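Inspection log for the structure reproduced underneath, given as structure tokens.
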Amino acid sequence: MGHFNMKVLIVHAHPEPQSFTASMKRLAMETLQVQGHEVMLSDLYAMHWNPVASAADFGVRQNPDYLVYALEQRESVAAGQIAPDIAAELDKLLSCDLVIFSFPLYWCSMPAIMKGWLDRVLVSGKIYGGLRFYDRGGMRGKRALLAYTCGGRDFMFGEHGIHGEMDIMLRHVLRGTLGYAGFEVLPSFVAFHVPYVAPGEREAILERYGDYLTKLEELEPLSFPTLDDFDAEMRPLASHPLVAEQD
Ligand SMILES: Cc1cc2nc3c(=O)[nH]c(=O)nc-3n(C[C@H](O)[C@H](O)[C@H](O)COP(=O)(O)OP(=O)(O)OC[C@H]3O[C@@H](n4cnc5c(N)ncnc54)[C@H](O)[C@@H]3O)c2cc1C
């Protein structure tokens, strides 16, 4: 497994090219390329990525009088009329095996520019739609990894930590977005307390990250629902493991 060559898309969002988060992004590119993987980069600030979903995203409108964004996404992608910046990102996304999201934690989430990448690129019709989500989502067969930096210390995000657990904090991304879209979501790589750590610790974090990237095959993906456990209206079936447990 470790020897198969992947296409990797790194979506990176940091306003400072010399930042530690950017160093992590560079390390990821080098490490993956040395392993023989092909790496594509979307450096959102450098690209001046437009994060704002709007009517301007569609060349031709299905309904010019009232904007239903997801409906226009579906129709525009099918007709090849979606905005060129979205089309270019969609091509990268659809061709890759692994997406790495590289960012500093901003208010318990990703920076707005990256949220706007999700809003505009994860288009209805291709990525999800109908009853295609979770294990039937359009991104099934692909993996996703969050690699982020933060100011807080690791114990602040532990089970009894003051901020609560990291994966619960980022549930809207891990499950609500990536899991929903059908990705296999790998356990996140988190660089804690980055601006404040002792000398030498940042180098140690980079070493741990490089090591992490060479062992992705060994990581157990996060667990999400399978639609097999739900009826057509998404009510849990008796076969659902949690329902079965109650009986
Ligand atoms: C709007 C906003 C909201 C925030 N919300 C949260 C939050 O909710 N929770 C939270 O915990 N934190 C939060 N933070 C803090 C933020 O997450 C951290 O400041 C950020 O992740 C630090 O990463 P950086 O890449 O910006 O570090 P930088 O400040 O860019 O880097 C830190 C140091 O590392 C050095 N460095 C760079 N490259 C290397 C290298 N290769 N080797 C060694 N050293 C290097 C730099 O020179 C610098 O001295 C928030 C910050 C902002 C601005």
Side-chain angles (χ1 to χ4, degrees), residues 8-35 37 39-53 89 98-121 144-180 185-216 219 222:
V8 184
L9 170 60
I10 300 182
V11 183
H12 172 74
H14 198 294
E16 170 54 63
Q18 302 173 82
S19 64
F20 186 76
T21 312
S23 292
M24 282 179 58
K25 176 260 292 174
R26 275 192 299 278
L27 174 77
M29 294 185 73
E30 286 160 17
T31 306
L32 293 163
Q33 279 163 349
V34 165
Q35 287 180 277
H37 304 303
V39 182
M40 300 174 280
L41 172 66
S42 295
D43 185 339
L44 301 182
Y45 281 94
M47 291 157 66
H48 302 290
W49 172 255
N50 165 26
V52 181
E89 293 307 294
L98 167 69
V99 190
I100 299 178
F101 293 92
S102 159
F103 60 95
L105 195 67
Y106 278 6
W107 293 115
C108 305
S109 190
M110 48 182 42
I113 199 170
M114 182 176 272
K115 174 60 164 56
W117 188 92
L118 297 174
D119 294 345
R120 295 180 70 230
V121 179
L145 168 71
L146 303 187
Y148 58 95
T149 56
C150 67
R153 293 172 183 266
D154 58 354
F155 59 80
M156 296 174 178
F157 299 97
E159 197 182 344
H160 303 293
I162 187 159
H163 302 314
E165 288 175 56
M166 278 285 189
D167 280 6
I168 296 175
M169 179 180 77
L170 283 167
R171 191 175 191 259
H172 61 294
V173 181
L174 295 167
R175 175 170 169 169
T177 307
L178 301 174
Y180 181 89
V185 182
L186 300 176
S188 305
F189 183 88
V190 189
F192 292 100
H193 213 41
V194 161
Y196 318 107
V197 289
E201 178 54 21
R202 281 192 280 267
E203 288 75 7
I205 295 171
L206 289 171
E207 201 169 315
R208 285 202 293 279
Y209 185 43
D211 194 48
Y212 200 81
L213 290 168
T214 60
K215 295 185 177 144
L216 296 180
L219 300 173
L222 308 188

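Sequential numbering from 1 along the given sequence is applied to the chain's residues. The model shown is predicted, which means the values in this text are computed figures rather than measured ones. Whatever order the structure lists them in is the order used to number ligands and atoms, beginning at 1.
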Practice task
Mark yes when over 12 heavy atoms from residues, nucleotides or ligands other than Glu16 sit less than 6.0 Å from its CD; otherwise mark no.
Solution key: yes

Exercise for the section: Indicate yes or no: does Arg208 engage Glu203 in a salt bridge with an N to O separation below 4.0 Å. Expected result: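 Salt bridge flag = no for Glu203 with Arg208.
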
Problem - With sequence neighbours excluded, residues passing side-chain hydrogen bond (donor to acceptor under 3.5 Å, both in side chains) with Asp119 - result: Lys115

Practice task
Specify the closest pair of heavy atoms between Gln35 and Thr214, including all atoms of both residues, with the distance to one decimal.
Solution key: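 It is NE2-CA, 3.7 Å.
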
Give every pair made of an N or O atom of ligand 1 and a protein N or O atom lying under 3.5 Å apart, one pair per line with both atom names and the distance to 0.1 Å, or write 'none'.
unit_1: ligand 1; atom_1: 5 (N); unit_2: Leu105; atom_2: O; d: 3.4
unit_1: ligand 1; atom_1: 5 (N); unit_2: Trp107; atom_2: N; d: 2.8
unit_1: ligand 1; atom_1: 8 (O); unit_2: Trp107; atom_2: N; d: 3.4
unit_1: ligand 1; atom_1: 8 (O); unit_2: Cys108; atom_2: N; d: 2.9
unit_1: ligand 1; atom_1: 11 (O); unit_2: Gly151; atom_2: N; d: 3.2
unit_1: ligand 1; atom_1: 11 (O); unit_2: Gly152; atom_2: N; d: 2.9
unit_1: ligand 1; atom_1: 12 (N); unit_2: Gly151; atom_2: N; d: 3.1
unit_1: ligand 1; atom_1: 14 (N); unit_2: Leu105; atom_2: O; d: 3.3
unit_1: ligand 1; atom_1: 17 (O); unit_2: Leu105; atom_2: O; d: 2.8
unit_1: ligand 1; atom_1: 21 (O); unit_2: Thr149; atom_2: O; d: 3.1
unit_1: ligand 1; atom_1: 21 (O); unit_2: Thr149; atom_2: OG1; d: 2.6
unit_1: ligand 1; atom_1: 21 (O); unit_2: Cys150; atom_2: N; d: 3.3
unit_1: ligand 1; atom_1: 23 (O); unit_2: Thr149; atom_2: OG1; d: 3.2
unit_1: ligand 1; atom_1: 25 (O); unit_2: His14; atom_2: NE2; d: 3.4
unit_1: ligand 1; atom_1: 25 (O); unit_2: Phe20; atom_2: N; d: 3.3
unit_1: ligand 1; atom_1: 25 (O); unit_2: Thr21; atom_2: N; d: 2.8
unit_1: ligand 1; atom_1: 25 (O); unit_2: Thr21; atom_2: OG1; d: 2.5
unit_1: ligand 1; atom_1: 26 (O); unit_2: His14; atom_2: NE2; d: 2.6
unit_1: ligand 1; atom_1: 30 (O); unit_2: Phe20; atom_2: N; d: 3.2
unit_1: ligand 1; atom_1: 34 (O); unit_2: Arg202; atom_2: NE; d: 3.0
unit_1: ligand 1; atom_1: 38 (N); unit_2: Ser23; atom_2: OG; d: 2.8
unit_1: ligand 1; atom_1: 41 (N); unit_2: Ser23; atom_2: OG; d: 3.1
unit_1: ligand 1; atom_1: 44 (N); unit_2: Arg202; atom_2: NE; d: 3.4

Considering only distance and modelled atom types, tabulate donor-acceptor pairs under 3.5 Å from the side chains of residues 99-108, sequence neighbours left out.
unit_1: Ser102; atom_1: OG; unit_2: His12; atom_2: ND1; d: 2.7

Which pairs of donor and acceptor atoms, one on a side chain in residues 165-174, lie under 3.5 Å apart (sequence neighbours left out)?
unit_1: His172; atom_1: ND1; unit_2: Met169; atom_2: O; d: 3.4
unit_1: His172; atom_1: NE2; unit_2: Ser109; atom_2: OG; d: 3.1

